[in-house]
Amino acid sequence: MNRLPLNFYQHDVLEIAPELLGRVLVRKTDNQLYRYKITEVEAYRGEEDLACHASKGRTMRTEIMYHNGGVLYIYLIYGMYWMLNVVTGLNNNPQAVLIRGIEGINGPGRVTKALNIDKSFYGENLFFSNRIWIEKNEGNSCYYTTPRIGINYAGEIWKNKPWRFVLDNI
DNA sequence: AGCAAGATCGGT
DNA sequence: CCGATCTTGCTG
């Protein structure tokens, strides 16, 4: 078993987000096994982060972000794109990492389209699932950071946080 | 019950 | 730059 253990995810999202870069996202369907390196992520951190959905408080949608890390937070945006997020941190500490890009596929909407991920993955456990997980991978991940994409509504403080992490191919 | 907006993308 | 498309959370 080469999967990342659950306690890997149960630390602060700002620590985990860059750690996910270069790891292998595996998706298994009846007739396919997809393996992609994670190349781009964003961190969403706590109720005070106005860009994080948890800033609206604990609702049916954000419920899973309040759980222990290692499960998936999935939601639909703009009526057509599923967003794939990995919940991190501990109970009652809502945070998640948005997977924005994998090898050869850029854009969070394209990631879920390529891997056939939808609402049915909400709450999926990355250690116990038989259809999606993340594997360990040796590797120094060089990366750079930028502000997060598409969150201009979040106000000066939060929209400028350098919480987008992009793998650097040197 | 109704409405505005959104962690996007592809086509003009 | 604009339209597609629908869930969510807020307002009344």
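None of the values given here were measured: they were computed from a predicted structure. All values below come from the heavy atoms of this structure, side chains included, with hydrogens, waters and symmetry mates left out.
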Close N/O contacts between protein and nucleotides 1-3 of chain B (under 3.5 Å):
none

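Following rounding to the nearest Å, A:M65 (CE) and B:dA7 (C1') show an atom-to-atom distance of 10 Å. A straight line from CG of A:L50 to P of B:dA5 spans 17 Å, rounded to a whole angstrom. Between the CG atom of A:N85 and the C1' atom of B:dG6 there is a distance of 14 Å, given to the nearest Å. The CD1-C1' distance, from A:I149 to B:dC9, rounds to 14 Å in whole Å. In this entry the distance linking CG of A:N152 with P of B:dA5 reads 15 Å, nearest Å. The nearest whole Å value for the distance from the CH2 atom in A:W158 to the C1' atom in B:dA7 is 15 Å.
In this structure, CG in A:N68 is found 10.5 Å from OG1 in A:T88, a value given to the nearest 0.5 Å. A:K113 contributes atom NZ, which lies 10.5 Å from atom CE of A:M80 (distance to the nearest 0.5 angstrom).
Taking the ring-ring contact (aromatic ring centres under 6.0 Å, His included) definition, one finds that A:Y44 meets it with nothing, sequence neighbours left out. Contacts of A:Y75 classified as ring-ring contact (aromatic ring centres under 6.0 Å, His included), with partners at least two apart in sequence or in another chain: A:H53, A:Y73.
Helical stems in DNA chain C, defined as runs of 3 or more consecutive Watson-Crick or G-U wobble pairs with both donor-acceptor distances under 3.5 Å, are listed by first residue as B:1-6 with C:6-11, B:8-11 with C:1-4.
Using a 4.0 Å cut-off between charged nitrogen and carboxylate oxygen, A:R58 and A:E63 count as a salt-bridge pair. Between A:R148 and A:D49 a salt bridge is recorded (basic side-chain N to carboxylate O distance below 4.0 Å). Contact check on A:R131 versus A:E124 returns a salt bridge, with a Lys/Arg side-chain nitrogen under 4.0 Å from an Asp/Glu carboxylate oxygen. Salt bridge status for A:E42 with A:R100: present, with a side-chain N to carboxylate O gap under 4.0 Å.
Annotation: cation-pi pair A:R61/A:Y122 absent, no NZ/CZ under 6.0 Å from the ring centroid and within 45° of its normal.
Using a 4.5 Å heavy-atom threshold, the side chains of A:V24 and A:N2 count as separate.
Comparing the P positions of B:dG2 and C:dT5 gives a spacing of 22 Å, expressed to the nearest Å.
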Could you give me the CA-CA distance, side-chain angles and deciding distance for A:E48 and A:W158, then say whether side chain to side chain contact (heavy atoms under 4.5 Å, CB included) is met? CA-CA 9 Å; A:E48 69 272 20; A:W158 301 100; 3.6 Å; yes
Begin from the C-alpha positions of A:F121 and A:T112 and carry the test side chain to side chain contact (heavy atoms under 4.5 Å, CB included) through to its verdict. CA-CA 11 Å; A:F121 284 79; A:T112 53; over 6 Å; no
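Ranked by how close their nearest DNA chain B nucleotide is to the 5' end, A:K113 and A:E42 are led by A:E42.
Stacking of the aromatic ring of A:Y153 onto the base of B:dA5 is not found under the criterion of centres within 5.5 Å and planes under 30°.
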Protein heavy-atom contacts under 4.0 Å, written 5' to 3' over nucleotides 4-12 of chain C as B (base), S (sugar-phosphate only) or - (none), form the string BBBSSS---
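Using a 4.0 Å cut-off on heavy atoms, the residues of residues 87-102 of chain A that approach DNA chain B are A:L98, A:R100, listed by number.
Considering A:R3, A:R35, A:K28 in turn, A:R35 is the only one that fulfils the salt bridge (charged side-chain N to carboxylate O under 4.0 Å, His left out) rule with A:E135.
Within the 4.0 Å cut-off from OP1 or OP2 of B:dA7, not a single side-chain nitrogen or oxygen of A:R164 is found.
Across all their heavy atoms, A:S55 and A:L50 have their closest contact at OG-O, 3.8 Å.
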